[in-house]
Structure formats: structure tokens, C-alpha cells
Amino acid sequence: MARIAIVGCEASGKTVFMSALTDFYHNLVPENSASNRFAAFAHRQLRTLRQWPPATNPGRTIALEWSLRDSKGEALANIAMLEFGGETFRAASREDEGSSRRQAAVKELMDYLSAADFVIILVSLKELLRDDVAVADAEFERSTEALWVTRGLIEFIRERLPGAGVVIGLTQADRYRDTLAAGGGPAAVFAARWPRIRAVAPDFPVVEIASVSATDADGRPAEGFRTDGILPAMREFARQTCGDPKRLLAELSALRED
């Protein structure tokens, strides 16, 4: 089983990324009831209601299991993901005591990360590009902690998952395309804004992610939006997990809903 861990602080775009994954790959088949509910709910929220999925509640984790199938119905890959609140990720990195329920969620998260074959680290471009002079103290503290949490995750991967693939995805790229272009691309912008993080992960690829290609004037998913903006991260998954010569997982980057 190829196990993908999608991680990041709250508002980094984890739930929207997973929703886009189920929307983009029409042959991503749910293999448990939680995955079936998630896919149906995500489709209703994004496509029918054109609303963003709500954030995952703190202290709650949901195991999602999928199989990616080709046109003949044969499984190309098994994908397991763990949905969790960004606050749980922060608590894990801070080693907070918290409630027994929170402790159980943190343990499940750390066990899941320890078994990951590939890690997608999501960082919100809004967070990355925040003006520390203009923001309130609470926002500044949150931004500072997000940086520290991301560094903790990178060190965890270095120490505990030496054979795992990894990609850093900058989310909400549709809103910041001009900024990314002016800054020399996602890797250059990431290095310029978070140089201390880039210093401990100089070899990790950094890609832009637009889980939803466009938003309307009210900031909601725009009519007829695309979800192909997840492809940069998924192509890295295919490339790092099996390499170009191997067909099965490499086909992951090409399978899509037309």
C-alpha cells in the first residue's frame, strides 16, 4: 500500500486538497464508509453548494482509504490518508498534554506519519506572505508557530522517515500567481519568505497547488472551477515513489476526470 500523509497547520488547505483529489480522479474509489461519506460531502460542498468544506474539528481524526483504478477496473495503487485538524498537528509538535481525546488523536497522527511512504506538506501562501508589521499580535504568533511546526515536521521526516518521499505544496496558488511569478516560482518564494525552513530542507521540492482553480467575487469556489491544480504534488508522488520507468504509480499523474 502506498500511504500518503497530507499534513499542515489549520487553514493550510488539507481538507480542500483531499476534496479536490476525489473530484479530479474519478477512478479514485472509496474503500471504507468514511471515504464514501467524505467524497459525497466534498462534491456537494464544492460543486453543488459552491462552499468550502468546514475545517476538521480539533481532536478528531478520520481514516480514509481509497484504491486508484485504471480503465479496466484494476487497482493501480492503494492510498490511505488520515484527515485531522490542524490544531492536532500543532499539539503533536508542541507535545501538549490536552485532553485524553486530544492525546489519542495525537498518537494516531504520529503513528500514521511514522508509516507514511510519501508526505505532502501543505503551507498556505496567505500565511507565507503575511505582512508581520501589519498583522495583529495573535496573527503574528500563529504565523510564527506555523513556521516552527513546519520545521518540526521536516525534522521528523529526516529522522523517522528517511526513505519516504516528500513535497512541499504552497496552497491557494490561484490567488497569488502574479506574486509567485514575480518571485521566481514557488521554491524561490518559499526560500525568500521562510529561509530558515528552506535551510533545513534544501532538497525538498516545492510546488504550487491550486486545489480549486478560481474563486468568485465572494471568495467561494467559482462556477466551473478545475481541480487539476493538485497535479504538481501528485506528479511528485508518482516520480518519487516509483520513478519514471515503472508504469503503475507513474500513471497516477495522468489519470484524471476529463
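Quick caveat: nothing in here was measured; it's all calculated off a predicted structure.
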Phe237 vs Val167, side chain to side chain contact (heavy atoms under 4.5 Å, CB included): CA-CA, chis, key distance, verdict:
CA-CA 8 Å; Phe237 168 59; Val167 64; over 6 Å; no
For the pair Gln172 and Val123, evaluate side chain to side chain contact (heavy atoms under 4.5 Å, CB included) and give the outcome as yes or no after the intermediate values.
CA-CA 9 Å; Gln172 298 180 314; Val123 176; over 6 Å; no
side-chain hydrogen bond (donor to acceptor under 3.5 Å, both in side chains) assessment of Asp23 paired with Thr227
CA-CA 7 Å; Asp23 180 84; Thr227 49; 2.8 Å; yes
Does Phe204 form a side chain to side chain contact (heavy atoms under 4.5 Å, CB included) with Arg158? I'd like the steps, not just the answer.
CA-CA 11 Å; Phe204 286 4; Arg158 293 283 196 204; 3.6 Å; yes
Any chance you could lay out the side chain to side chain contact (heavy atoms under 4.5 Å, CB included) test for Arg69 and Glu74, step after step, and finish with the verdict?
CA-CA 5 Å; Arg69 298 177 180 270; Glu74 297 179 0; over 6 Å; no
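At least one donor-acceptor pair under 3.5 Å links the side chain of Trp52 to the backbone N or O of Gly219. The main-chain N or O of Ile6 is never found under 3.5 Å from a side-chain atom of Lys14 such that the two would form a donor-acceptor pair. At least one donor-acceptor pair under 3.5 Å links the side chain of Arg198 to the backbone N or O of Ala201. For the pair Asp117 (side chain) and Ala164 (backbone), a donor-acceptor distance under 3.5 Å is absent. Side-chain atoms of Thr171 come within 3.5 Å of backbone N or O of Ser12 as a donor-acceptor pair.
Judged by the 6.0 Å distance and 45° axis criteria, Arg226 is not positioned over the aromatic ring of Phe24.
In this structure the side chain of Lys126 reaches within 4.5 angstrom of the side chain of Tyr176, judged on heavy atoms. Here the side chains of Met18 and Leu64 are in contact, with some heavy-atom distance below 4.5 Å. Here the side chains of Asp174 and Val212 are not in contact, with every heavy-atom distance at 4.5 Å or above. Within the 4.5 Å cutoff, no side-chain heavy atoms of Arg175 are placed close to those of Leu125. Side chains of Leu68 and Tyr25 form a contact here, defined as non-hydrogen atoms less than 4.5 Å apart. Side-chain contact between Phe225 and Arg220 is absent, with no heavy atoms from C-beta onward closer than 4.5 Å. Taking the side chain as every heavy atom from C-beta outward, Leu170 and Leu128 approach each other to under 4.5 Å. Contact check for Trp66 versus Leu21: no side-chain heavy atoms found under the 4.5 Å cut-off.
Looking at every heavy atom in both residues, Gly183 comes nearest to Ala188 through O-CB, 3.2 Å. Between Leu46 and Pro221, the shortest heavy-atom contact is CD2-CG, 3.9 Å. Nearest heavy atom pair, residue Gly224 against residue Arg47, reads C-NH1, 4.1 Å.
By the criterion of side-chain heavy atoms lying less than 4.5 angstrom apart, applied directly or through intervening Ile, Leu, Val, Met, Phe, Trp or Tyr residues, Phe41 is not grouped with Val29; the two fall into different hydrophobic clusters. Leu122 and Leu231 fall within a single hydrophobic cluster, where Ile, Leu, Val, Met, Phe, Trp and Tyr side chains are chained together by heavy-atom contacts under 4.5 Å. At a threshold of 4.5 Å between side-chain heavy atoms, the hydrophobic network of Ile, Leu, Val, Met, Phe, Trp and Tyr places Val207 and Val16 in two separate groups.
Within the model, atoms CG of Leu147 and CZ of Arg193 stand 11.0 Å from one another, a figure rounded to the nearest 0.5 Å.
When each of Ile168, Val189, Thr150 is checked for a side chain to side chain contact (heavy atoms under 4.5 Å, CB included) with Trp194, only Thr150 meets the rule.
No hydrogens or angles considered: nothing links the side chains of Gln45 and Ser19 as a donor-acceptor pair under 3.5 Å. For the residue pair Asn32 / Ser35, a side-chain donor-acceptor distance below 3.5 Å is found, with atom types taken as modelled.
The neighbour count for Arg44 CZ, taken as heavy atoms of other residues, nucleotides or ligands under 6.0 Å away, does not exceed 12.
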